[in-house]
Amino acid sequence: MAAITIRNIDEALKRQLRIRAAEHGRSMEEEARDILRQAMGRTAPPRDLGQAIHRRFAALGGIELDLPPREPMSEAPRFD
């Protein structure tokens with residue numbers, strides 16, 4: 001595995017990282033790795049937009065829509 005050194009981190013940022021790591025019960029180094037993984041999108045699987053919308057509104061219940069009957073498609077234009 002590769003190593004990385006990050007210099008000139010603001011003390012307030014370092015303190016926030018230390019607190020966040022403690023809240024999650026891990027080292028600052030592991031917390032920083034987790035933050036980087038999340039930022040780079042490795043831990044989250046690709047989201048399905050339809051499922052995400054469904055989950056968000058599922059608690060509100062569903063509705064039934066009256067859909068109009070489908071009509072035949074119009075003929076494509078001809079360019080002869």
Side-chain angles (χ1 to χ4, degrees):
M1 293 221 142
I4 185 172
T5 301
I6 303 173
R7 300 184 198 287
N8 301 323
I9 294 178
D10 182 41
E11 283 299 319
L13 181 62
K14 183 179 175 184
R15 185 173 39 256
Q16 287 176 326
L17 180 62
R18 184 174 49 245
I19 291 169
R20 182 173 165 165
E23 288 172 349
H24 293 135
R26 52 187 166 210
S27 68
M28 287 176 47
E29 189 173 313
E30 180 58 32
E31 188 68 23
R33 279 193 296 266
D34 188 60
I35 291 168
L36 285 170
R37 276 188 217 104
Q38 288 179 18
M40 300 307 294
R42 287 185 163 183
T43 58
R47 292 179 37 169
D48 180 349
L49 180 59
Q51 288 178 354
I53 292 170
H54 176 74
R55 279 193 302 274
R56 177 161 295 204
F57 293 103
L60 301 175
I63 61 169
E64 294 296 324
L65 298 175
D66 293 327
L67 299 177
R70 294 185 80 167
E71 297 178 5
M73 289 180 58
S74 58
E75 222 173 288
R78 296 181 59 180
F79 300 102
D80 338 325

Measuring from atom OG1 of Thr5 to atom CZ of Arg7, what distance do you get when rounded to the nearest 0.5 angstrom?
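With rounding to 0.5 Å, OG1 (Thr5) is 5.5 Å from CZ (Arg7).
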Side-chain atoms of residues 10-24: list all donor-acceptor pairs with protein atoms under 3.5 Å, sequence neighbours left out, distances to 0.1 Å.
residue : atom : partner : partner atom : Å
Arg20   : NE   : Glu31   : OE2          : 2.7
His24   : ND1  : Arg20   : O            : 3.2
His24   : ND1  : Glu31   : OE1          : 3.2
His24   : ND1  : Glu31   : OE2          : 3.0

Joint cluster assignment, Leu49 & Leu60, ILVMFWY side-chain distance < 4.5 Å
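In one cluster: yes.
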Could you pull out all residues at least two apart from His54 that satisfy side chain to side chain donor-acceptor pair (under 3.5 Å)?
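Side chain to side chain donor-acceptor pair (under 3.5 Å) check on His54 returns nothing, list empty.
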